[in-house]
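Some notes on the structure that comes next.
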Protein chains: 2
Amino acid sequence: MVTRALPYRPHNHQACVNQALDDARHICQQHNARLTPTRQRVLELIWQSHRPLGAYDVLAQLAAEGQNAAPPTVYRALDFLQQHGLVHRIASLNAFVGCAHPGKPHTGMFLICHQCGNVLELSAPAVSEAVRAAADRESFRTDEVTLEISGVCPRCQAEPADD
Amino acid sequence: MVTRALPYRPHNHQACVNQALDDARHICQQHNARLTPTRQRVLELIWQSHRPLGAYDVLAQLAAEGQNAAPPTVYRALDFLQQHGLVHRIASLNAFVGCAHPGKPHTGMFLICHQCGNVLELSAPAVSEAVRAAADRESFRTDEVTLEISGVCPRCQAEPADD
DNA sequence: GAAAAATTTGAAATACTATAACATTTTCAG
DNA sequence: CTGAAAATGTTATAGTATTTCAAATTTTTC
Ligand SMILES: [Zn+2]
Ligand SMILES: [Zn+2]
Ligand SMILES: [Zn+2]
Ligand SMILES: [Zn+2]
């Protein structure tokens with residue numbers, strides 16, 4: 001298992017980006033999918049930090065770079081990246097974040113710090129198991145799980161809390 | 001504990017509505033909050049079924065009844081109802097559903113059938129516990145949990161599945 | 001009960017998020 | 001090369017939510 005940096009701790013983030021791009025190239029090759037320049041650029045923009053980015057934020061940055069971009073440009077790229085498990089959509093924020101465990105099957109659980117905005121994606125088998133069990137008990141067939149925890153990360157808890 | 005009807009089974013739904021209104025009156029009294037006519041009407045509209053309703057659906061129905069209503073009218077009422085734990089927002093649907101356990105503290109877990117659209121709100125202590133434990137392990141302070149399961153309810157699994 | 005304060009509602013505009021529809025270009029297999 | 005498939009460009013529009021300021025209503029205080 002690859003150890004990943006904690007989003008809210010200072011770290012060599014360029015390593016995160018490089019890893020994400022490597023993973024993406026790998027996965028797209030496996031899937032016979034094309035990581036076109038736009039798709040790759042959107043992925044890079046999403047990975048510029050561990051904070052979820054809105055589609056229109058991505059759009060603004062693409063436009064600033066002189067790219068001919070309209071909303072569908074971004075949404076298509078994001079759809080593609082989601083489909084191949086490279087980014088996740090955070091429903092409670094209407095925003096997108098890079099997947100921390102691409103390739104591995106996982107049901108994401110997101111710890112969202114509403115102070116610093118960073119998101120940590122956990123894979124918590126015990127939680128997934130409990131969710132599955134609860135759904136089973138109702139004879140409910142689970143297709144997708146949205147699990148987003150909003151709160152305060154350790155780093156922000158320690159800080160003076162300016163607001 | 002009060003037993004509630006299962007959303008996707010035929011039941012005397014008027015009882016659900018009456019219960020919800022009774023609960024609302026009770027809770028608002030306890031909170032020294034005013035269940036004004038608009039707020040009550042919005043709650044009734046939300047409770048017209050166990051399917052989440054979009055804010056603009058509520059708006060359309062209010063308008064059809066001749067009420068002078070604009071988007072803020074509805075969003076204000078929904079905010080109020082959420083604040084007092086009478087309705088929940090389903091982030092993955094941008095829609096609102098009546099709370100099945102008003103008054104009792106609970107972290108909702110929603111089983112959303114994407115075939116019939118009905119939502120069952122579970123209180124699953126084992127899941128809540130697992131979520132809390134996973135967050136604790138990361139020293140993350142949990143404020144809000146969004147847990148939405150999309151899938152197929154027992155009734156729709158049994159049916160021929162027309163689509 | 002009247003005046004002041006607080007809460008709620010009305011109304012218009014606007015911001016933000018996402019998709020539809022169709023034309024054009026690029027890629028790739030045969 | 002050529003035709004089919006995939007990806008992108010472009011314009012318009014749909015859907016969701018908030019900002020702002022004014023007016024009305026309810027509650028509190030005197
Ligand atoms: Zn990083
Ligand atoms: Zn933080
Ligand atoms: Zn019912
Ligand atoms: Zn169903």
Side-chain angles (χ1 to χ4, degrees), chain A residues 24-25 27-43 45-46 51-84 86-97 114 117 146 148 150, chain B residues 24-25 28-29 31-43 45-46 51-84 86-97 117 146 148:
Chain A
R25 281 187 272 266
I27 287 169
C28 286
Q29 199 159 26
Q30 284 182 343
H31 294 195
N32 250 318
R34 291 162 52 199
L35 189 62
T36 63
T38 299
R39 289 166 176 174
Q40 173 166 337
R41 187 69 191 120
V42 169
L43 184 60
L45 289 171
I46 289 294
R51 286 171 235 251
L53 210 57
Y56 278 76
D57 296 326
V58 174
L59 179 59
Q61 297 197 36
L62 282 183
E65 293 170 0
Q67 178 160 346
N68 244 344
T73 309
V74 172
Y75 281 102
R76 282 168 182 155
L78 289 171
D79 283 350
F80 173 89
L81 295 169
Q82 273 183 98
Q83 228 127 44
H84 295 280
L86 300 170
V87 308
H88 293 290
R89 181 170 188 276
I90 307 294
S92 57
L93 299 177
N94 294 330
F96 301 82
V97 73
H114 54 65
T146 299
E148 300 168 7
S150 178
Chain B
R25 281 187 272 266
C28 286
Q29 198 159 26
H31 294 196
N32 251 317
R34 292 160 53 197
L35 190 61
T36 62
T38 299
R39 289 166 176 173
Q40 173 166 337
R41 187 68 192 120
V42 169
L43 184 60
L45 289 171
I46 289 294
R51 284 171 237 251
L53 210 57
Y56 278 75
D57 297 326
V58 174
L59 179 58
Q61 298 197 35
L62 282 184
E65 292 171 0
Q67 179 162 346
N68 247 343
T73 308
V74 172
Y75 282 102
R76 282 167 181 156
L78 289 171
D79 283 349
F80 172 89
L81 295 169
Q82 274 183 96
Q83 229 130 44
H84 295 281
L86 299 170
V87 308
H88 293 289
R89 179 169 190 276
I90 308 294
S92 58
L93 299 177
N94 295 330
F96 301 82
V97 72
T146 299
E148 300 169 7

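Every chain is numbered from 1, with letters handed out A, B, ... down the list of sequences.
Whole-Å rounding puts the A:Asn32 CG to C:dA29 P distance at 9 Å. Across the protein-nucleic acid pair, B:Asp79 atom CG and D:dA17 atom P stand 10 Å apart, rounded to whole Å. Protein atom CZ of A:Phe80 is 19 Å distant from nucleotide atom P of D:dA5, rounded to whole Å. To the nearest angstrom, C1' of C:dT7 lies 14 Å from CD of B:Gln83. Taking atom CZ on B:Arg41 and atom C1' on C:dT9, their separation rounds to 18 Å, with Å as the unit. Taking atom CG on A:Leu78 and atom P on C:dT17, their separation rounds to 13 Å, with Å as the unit. Look at CG on B:Leu59: it is 16 Å from P on D:dA14, rounded to the nearest Å. For the pair A:Gln67 CD and D:dT8 C1', the computed distance is 10 Å after rounding to whole Å.
Mapping B:Arg76 and B:Arg89 onto DNA chain D by nearest heavy atom places B:Arg89 closer to the 5' end of the strand. Both B:Thr38 and B:Asn94 lie near DNA chain C, and the one whose nearest nucleotide falls closer to the 5' end is B:Thr38. With the nearest nucleotide of DNA chain C identified for both B:Pro71 and A:Ala55, B:Pro71 has the one nearer the 5' end.
Listed nucleotides: C:dA12, D:dG9, C:dA18. Nearest to the side chain of A:Phe96: C:dA18. When distances run from any side-chain atom of B:Asn68 to the nucleotides C:dA11, D:dA17, C:dA18, the shortest one goes to C:dA11. In this structure, of C:dT19, C:dA11, C:dT9, it is C:dT19 that holds the atom nearest to the side chain of A:Pro72. You'll find that the side chain of B:Tyr75 is closest to D:dA17, out of C:dA18, C:dG10, D:dA17.
From A:Gln83, atom CD reaches atom NE2 of A:His31 across 11.0 Å, with rounding to the nearest 0.5 Å. In this structure, the separation between NE2 on A:His88 and CD1 on A:Ile46 is 12.0 Å, given to the nearest 0.5 Å. The structure places CD of B:Glu65 at 5.5 Å from CG of B:Leu45, a figure rounded to the nearest 0.5 Å.
A close approach under 4.0 Å does occur between a side-chain nitrogen or oxygen of B:Thr36 and OP1 or OP2 of C:dT9.
The aromatic rings of A:Tyr75 and A:Phe96 lie perpendicular to each other, with more than 60° between the two planes, well past the 30° mark.
Between the side chain of A:Tyr56 and the base of C:dA15, no donor-acceptor pair under 3.5 Å is found.
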Show the numbers, then the answer: is there a side-chain contact (heavy atoms from CB on, under 4.5 Å) between A:Val42 and A:Leu78? CA-CA 7 Å; A:Val42 169; A:Leu78 289 171; 3.8 Å; yes
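Residues that satisfy the side-chain hydrogen bond (donor to acceptor under 3.5 Å, both in side chains) test with A:Asp57, not counting sequence neighbours, are absent from this structure.
Using five terminal pairs a side, the axes of the helix from C:dG1-D:dC30 to C:dG30-D:dC1 at its two ends make an angle of 30°, given in steps of 10 degrees.
With hydrogens and angles disregarded, no donor-acceptor distance shorter than 3.5 Å links the side chain of B:Glu148 to the backbone of B:Ile90.
B:Arg34 comes within 4.0 angstrom of the backbone, heavy atoms only, and of no base.
Taking 4.5 Å as the limit, some side-chain heavy atom of A:Asn94 sits within range of a side-chain heavy atom of A:Arg89.
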